[in-house]
Protein chains: 4
Amino acid sequence: MEEGRTNEKRGTILDSAERLFAARGPAATIDEIAREAGVAKGTVYLYFPSKEELYLSLVEDRIDSYLVQSRQALLEAGPAEEVLRLLVHMRMQFVSEHLGLLNTLFQSCVPGTAHIHERIFRAKRTAQRVFAEAIERSLPRLSVDTEHFLIMVSGMADHLVMHQVYLHGTFDPEATAETVLQLALPSLKAVVAEEIGEHEQSLAGTDAPGP
Amino acid sequence: MEEGRTNEKRGTILDSAERLFAARGPAATIDEIAREAGVAKGTVYLYFPSKEELYLSLVEDRIDSYLVQSRQALLEAGPAEEVLRLLVHMRMQFVSEHLGLLNTLFQSCVPGTAHIHERIFRAKRTAQRVFAEAIERSLPRLSVDTEHFLIMVSGMADHLVMHQVYLHGTFDPEATAETVLQLALPSLKAVVAEEIGEHEQSLAGTDAPGP
Amino acid sequence: MEEGRTNEKRGTILDSAERLFAARGPAATIDEIAREAGVAKGTVYLYFPSKEELYLSLVEDRIDSYLVQSRQALLEAGPAEEVLRLLVHMRMQFVSEHLGLLNTLFQSCVPGTAHIHERIFRAKRTAQRVFAEAIERSLPRLSVDTEHFLIMVSGMADHLVMHQVYLHGTFDPEATAETVLQLALPSLKAVVAEEIGEHEQSLAGTDAPGP
Amino acid sequence: MEEGRTNEKRGTILDSAERLFAARGPAATIDEIAREAGVAKGTVYLYFPSKEELYLSLVEDRIDSYLVQSRQALLEAGPAEEVLRLLVHMRMQFVSEHLGLLNTLFQSCVPGTAHIHERIFRAKRTAQRVFAEAIERSLPRLSVDTEHFLIMVSGMADHLVMHQVYLHGTFDPEATAETVLQLALPSLKAVVAEEIGEHEQSLAGTDAPGP
DNA sequence: TATGAATGAGTGTTCATTCAT
DNA sequence: TATGAATGAACACTCATTCAT
């Protein structure tokens, strides 16, 4: 019960942090976040050892809850195409609920950029892997790296969202998802077709572009 | 000559700024930038009225030179597919030369985030439009919005690069470009096919592939 | 008690500010003031939002306490002449305790001069009005504007003090008050006489004295 | 001729300095002053070794020219009363032409306040002495120190002007002069009367209030 | 647990002054 | 003489973090 109350306060602080990072970017202050959460500045430090850790916890927490939500849906996975549709729609759903994070995700809120980016990267990758596995379950051998495929799809989606947001202030999750799928599905099909046998433009073989 | 010297120093400062913003993100200090450029702190303010403006000038300058380089190549445009290949390869080339900017591009380096993002957005969009026109010249009526198409392609590319960089420290421009094209080209063809054939709008879902 | 402690620190800072503005004029540094007050720089900003506001608070606070002291004495007001004597003596008393302010009163301590002067002017005028009313209570209808009369008297006094201070480093409040009254009292009497007699407005020029 | 041209430029700079110190107080910049004067920043330093010296030169120059103007008029001195009228009117005239200086006269434009004030004091005192002598010529033995008398009169005048200016933005030199004289003349007469023989309220005797 | 007063290192920016041309 | 690019010391102000209560 004590713990329940404790976690509740932690959650309140995270929510405030999200609102403020979304609104003011890295310039958001511990003071502001505490005020918004209705606690004293010192209290924030009882739950998070530093501003950096608060920020990272926020990102990790949101990515985590995204993962939890999505995993649920992925269990009822249909064919690969359906999985992809589901993933894109869920991402748009998530992004529309946490638009601020998209703006913030690549911003370092404190010095020491590299270190932070790395941790965010790790969190994002964990999610990506889960999704990749889901796709691979229904479409075992794909000619392109599934993870790369998903990275590209989410990159497409995020960029498009940002474009819409800058242009119109908001975006329509459903419509944007469809636009993304217009681009992603033909490729998925091409990859599958190739998988079955007819190589047309040698998609595969370039594989993982590393250094 | 007088002017040459002036622009030379401006360029030196921009270069130092790029290096430092890349290495330390928004935390990069005017002091550091000046030292790296071999000038006094006050000198930076002779060329840029504020840190914010220095940062924006940097981004705009790089986007601009990217545009100039690309426009050259686009003049010898072949069919749409070739244009797309060219664009992706050039972007990867550019990104590999300005990797730091990718990390920085969405970061606000000073308070007042919204305002800054807007200006960067404007700069990016100007470039995007030029490229969209180039594609439309060789493939006049496309079923998807050309600008959206390009936004998605660049989003794919940038995300993939970041992934590689976090994973391996660097990335191979050529290989990454090819991976991106694996995803983008089938869609372009699908769109063109549709253009030629009888479909009207929705690319996706027309003929679902077997699982 | 909590409040007592807070106000105590505020008072300490104001005292230090007064000493330093007196000694070094507008060039006094927040750093110096903080050090003199025995607090950290940041603490000053806990009590005053800016150097400008610290300076204005100082002036307003001193004028206020001057007003409070004087009001006390004015309640036991005798005839107009006595009121005037009282006022001049109290002013000299106040000035001798806050000599630094006299040097500083017309100095702007930060850019935005006009705005600051206006606020100081307002504070001074509030005091002046209180005094004008006190005089008017005992000498209802005066032929010169009472406020103008008081402005001139205080101008005389302040100038004389500054003269003494530059010349000798200090000044004798009592003696200076008497010198001021030598000039002011005849005029007050003349005004009263006129009030009683047959002149209407112009004091001067009515009966020119022999050379 | 060369010298004539030189002095002309010096004068131009002083004029610009006056305008800018009047408008922006101590915050006025050498840069601004130079621009206003139509010369390069470095040129200012050919004529004045420092900002401080520029400021002091300005004050001294203006006081000097005030002295020159007044001396002219004082040569045709009539009786003491007339001399006083003349002095007050000329001061108001001068002040109305150099209103900015009044605002600036007590402002230190650079650190090192004491040192500057002393020099300004010296300049003002030189003028005061000349005027005191003029009065003493026509009214040889006065019971109050003539210099003190003049200091007080000018203090009255300056204060009244500032009051008007803050209140209405400008002031009427003639009207203000008359208001000042309303206060000053009766005292002069009282002093003279006393001089002649009838002591009424023992004005004299307190004499110079020093430490 | 919770508070919020206190801290002080850190930074963007200004501007008087210099000096090579 | 005249210029104005370059300098760098100086300073107001911020804010993450601590700690006594």
Side-chain angles (χ1 to χ4, degrees), chain A residues 2 5-6 9 26-35 38-55 109-111, chain B residues 2 5-6 9-10 26-35 38-54 109-111, chain C residues 2 5-6 9-10 26-35 38-54 109-111, chain D residues 2 5-6 9 26-35 38-55 109-111:
Chain A
E2 270 295 298
R5 187 143 148 233
T6 281
K9 193 160 279 186
T29 288
I30 292 281
D31 237 330
E32 292 169 328
I33 293 169
R35 205 176 314 130
V39 300
K41 209 190 323 190
T43 306
V44 174
Y45 282 86
L46 290 177
Y47 294 91
F48 305 94
S50 70
K51 187 185 181 183
E52 177 177 315
E53 212 58 37
L54 166 59
Y55 174 68
C109 281
V110 275
Chain B
E2 272 295 300
R5 179 131 153 245
T6 280
K9 193 156 279 186
R10 199 189 122 101
T29 286
I30 292 282
D31 242 327
E32 292 169 329
I33 293 170
R35 203 174 316 128
V39 301
K41 205 192 323 193
T43 306
V44 173
Y45 283 88
L46 240 46
Y47 293 91
F48 307 94
S50 68
K51 186 183 180 182
E52 175 177 318
E53 212 58 36
L54 167 58
C109 280
V110 273
Chain C
E2 272 293 300
R5 179 131 154 247
T6 280
K9 193 157 279 186
R10 201 189 120 100
T29 285
I30 291 281
D31 245 326
E32 292 168 331
I33 293 170
R35 203 175 315 128
V39 299
K41 204 197 317 195
T43 305
V44 174
Y45 284 89
L46 241 45
Y47 293 91
F48 306 94
S50 68
K51 187 184 179 181
E52 175 177 318
E53 212 58 37
L54 167 58
C109 280
V110 273
Chain D
E2 270 294 298
R5 186 140 149 236
T6 280
K9 194 161 279 188
T29 288
I30 291 281
D31 236 328
E32 293 168 329
I33 292 169
R35 204 176 315 128
V39 301
K41 208 188 328 189
T43 307
V44 174
Y45 282 86
L46 290 177
Y47 293 91
F48 306 92
S50 69
K51 187 184 179 183
E52 178 177 315
E53 212 58 37
L54 167 59
Y55 173 67
C109 280
V110 275

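Convention: sequence-line order gives letters A, B, ...; per-chain numbering from 1.
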Open item on the list: Just the rounded figure in Å: distance from P of dA6(F) to CZ of F48(B).
Closed with: 12 Å

TODO: Take the protein atom NZ of K9(B) and the nucleotide atom P of dA5(F), then report the distance between them rounded to whole Å.
DONE: 11 Å

- [ ] To the nearest Å, give me how far apart CZ (R35(A)) and C1' (dG4(E)) are.
- [x] 12 Å

Task: Euclidean distance, atom CD of residue E53(B) to atom C1' of dG12(E) [Å, nearest integer] - done: 14 Å

N/O to N/O distances under 3.5 Å, protein versus nucleotides 10-12 of chain F:
unit_1, atom_1, unit_2, atom_2, d
dA10(F), N6, K41(B), NZ, 3.3
dA12(F), OP1, K51(C), NZ, 2.8
dA12(F), OP2, I30(C), N, 3.3

TODO: Identify which one of Y45(C), F48(C), Y47(C) satisfies the side chain to side chain contact (heavy atoms under 4.5 Å, CB included) criterion when paired with L54(C).
DONE: F48(C)

Open item on the list: Quick check for you: to the nearest 0.5 Å, what is the distance between R10(C) atom CZ and L46(C) atom CG?
Closed with: 12.5 Å

Open item on the list: Which is more 5' along DNA chain F, the nucleotide nearest G42(D) or the one nearest A40(B)? Just name the residue.
Closed with: G42(D)

Open item on the list: Which is more 5' along DNA chain F, the nucleotide nearest P49(C) or the one nearest L46(B)? Just name the residue.
Closed with: L46(B)

Task: Separation between CG of D31(B) and NZ of K41(B), rounded to the nearest 0.5 Å - done: 4.0 Å

- [ ] For the pair K51(B) (side chain) and P26(B) (backbone), establish whether a donor and an acceptor sit closer than 3.5 Å, ignoring hydrogens and angles.
- [x] yes

Open item on the list: How many whole angstroms separate atom CZ of R10(B) from atom C1' of dA6(F)?
Closed with: 18 Å

Open item on the list: Whole angstroms only, please: what is the CG-C1' distance between L54(A) and dA16(F)?
Closed with: 12 Å

- [ ] Give DNA chain F the dot-bracket treatment, 5' to 3': Watson-Crick (N1-N3 with N6-O4 or O6-N4) or G-U (N1-O2, O6-N3) under 3.5 Å, [ ] crossing, | other strand.
- [x] .||||||||||||||||||||

